[in-house]
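For ligands, and for the atoms within them, numbers begin at 1 and follow the listed sequence.
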Amino acid sequence: QAGEAVPVAQRSSWTSFLKSIASVSGDLSSMTAPPFILSPISLTEYPAYWCERPELFAEIGNATTSEARVLAVLKWFISTLKGQYTSRNETSGSEKKPLNPALGELFYGHWPDKNGRGKTDLIVEQVSHHPPITAYVIENQSKGLKLVGHNAQKTSFSGGSIIVKQIGHAVLTVKLPSGSEEKFLLTLPRLRIDGLWYGAPYIELTEHSNVVGDGFVGVVEYKGKGYFSGKSHTFKATLTPQPGMGGASTKEIVVEGLWHQNSKIVTGGHGPFHDVSAPKEEVTAVGGEAKGEMGPMETRKLWELVSKGIREGDFDTASKEKTRIENEMRQRRKDEVASGTSWELKHFTPIASDPLYEELGKLAKITPPTEDAYVFKGNWPESLRPSN
Ligand code: HCR
């Protein structure tokens, strides 16, 4: 019996949705879910969560030692988690099912320069539809920072929860004043989606992720509320300096706390570490075409009527529009097969293995030992990088 958070009229479709999740594992994105759980936002907008505290991102570029830099990277990384994994609960009461992006879907945005932090720009492109893979680049040019990454998910069902294994990684490049570069490898936590039968899904992070670079191996371990004890959204991050890897530091640093609230350094120093009680700053979306207009593949243009329908509770229009887009995309793929062509990505080039993932991943014994990646072509639209 579906829980009370599910509108009465949608209880039976929610129960069948959950039953089909339990039997179909792998990719949930294309499954039809009842209206109350639909988000009007496409997954291509999610990479913006990486920079909703742009001043913390900029701080990485101000650090002058390896230790200060890795701490700044860790602080920014931990501070993104609240937005990445709890913001749908805050805005719409529970986790929602995002719109499943079309191949080639685009999202452009920026955070303006304020208080000397520099402007930060974002490009997102859906580089695969089946399975869904989203690639992104976030750059603060004036601080010498560039984050390039991609994201995919493999889902399974266990003990009444959806388990989401995140596939993909991100590499942060930091340009130093000397002209040399430091690179950081970031890997992603596993998610457990609980509260399903009740009809109010929410996320807990599990297992661990890594922050590796500048002579340090960082492991962030995640724990949630246990049956008898423990608090939701707990983490412990350990930064271990690697002998002979350049970093002058020899001491291990440990940070503990709640990723959606605050934390402190408990070993190798002391005092407050991160604190995300201040409001975050949403990205300003821009069009990527001439004069800043949005092209037909830009997410807010492509899904305009579907999103409007979902927001206004007009699910008939939302569903008709969604079917129209999906049919158009299916036809496009068929035409490509017939003409022997394939869709050309606009901003990214796929590579079968990422040498940096392999090199830094080895230090932290990350599995799998090799992973594919998407290299940014460097082609910023005029609306984000005016040439004059
Ligand atoms: C798993 C998820 C799609 C992927 C979303 C990701 C992992 C995408 C990358 C972001 O950086 C972080 C992120 C946050 C989201 O929480 C996560 C989504 C949560 C639900 C959604 C499923 C495909 C939909 C499941 C349907 C449920 C809500 C019933």
What orientation do [X] and [Y] show, parallel under 30°, tilted 30 to 60°, or perpendicular over 60°?
X	Y	value
His233	His260	perpendicular
Trp50	Phe77	tilted
Trp380	Phe376	perpendicular

Pick one of side chain, backbone, both or neither for how [X] approaches ligand 1, counting any non-hydrogen atom pair under 4.0 Å.
X	result
Leu188	neither
Trp14	side chain
Tyr49	neither

Practice prompt. To the nearest 0.5 angstrom, please state how far the CD atom of Glu52 sits from the OG atom of Ser87.
Written response: 6.5 Å
Show me which atoms of ligand 1 lie under 4.0 Å from any heavy atom of [X].
X	value
Phe17	29 (C)
Leu28	25 (C)
Gln166	7 (C)

Item to complete: May I ask you to check whether Thr187 and Tyr357 show a side-chain donor-acceptor distance below 3.5 Å?
Response: no
Heavy atom of the protein closest to [atom] (residue, atom name, distance):
atom	value
atom 9 (C) of ligand 1	Asn151 ND2, 3.5 Å
atom 17 (C) of ligand 1	Leu191 CD1, 4.1 Å
atom 8 (C) of ligand 1	Gln153 NE2, 3.8 Å
atom 21 (C) of ligand 1	Pro98 CD, 3.9 Å
atom 24 (C) of ligand 1	Lys97 CG, 4.0 Å
atom 14 (C) of ligand 1	Gln84 O, 3.4 Å
atom 27 (C) of ligand 1	Ile162 CD1, 4.3 Å
atom 18 (C) of ligand 1	Glu95 OE2, 4.1 Å

Taking [X] first and then [Y], would you say they form a salt bridge - that is, a charged N and a carboxylate O separated by under 4.0 Å?
X	Y	answer
Glu95	Arg88	yes
Glu204	Lys225	no
Arg117	Glu281	yes
Arg324	Glu328	yes
Glu90	Lys280	no

Discussion item. Under 4.0 Å from atom 2 (C) of ligand 1, can you find at least one protein heavy atom?
Written reply: no
Fill in: Heteroatom distance test (Arg88, ligand 1): nitrogen or oxygen, under 3.5 angstrom
yes
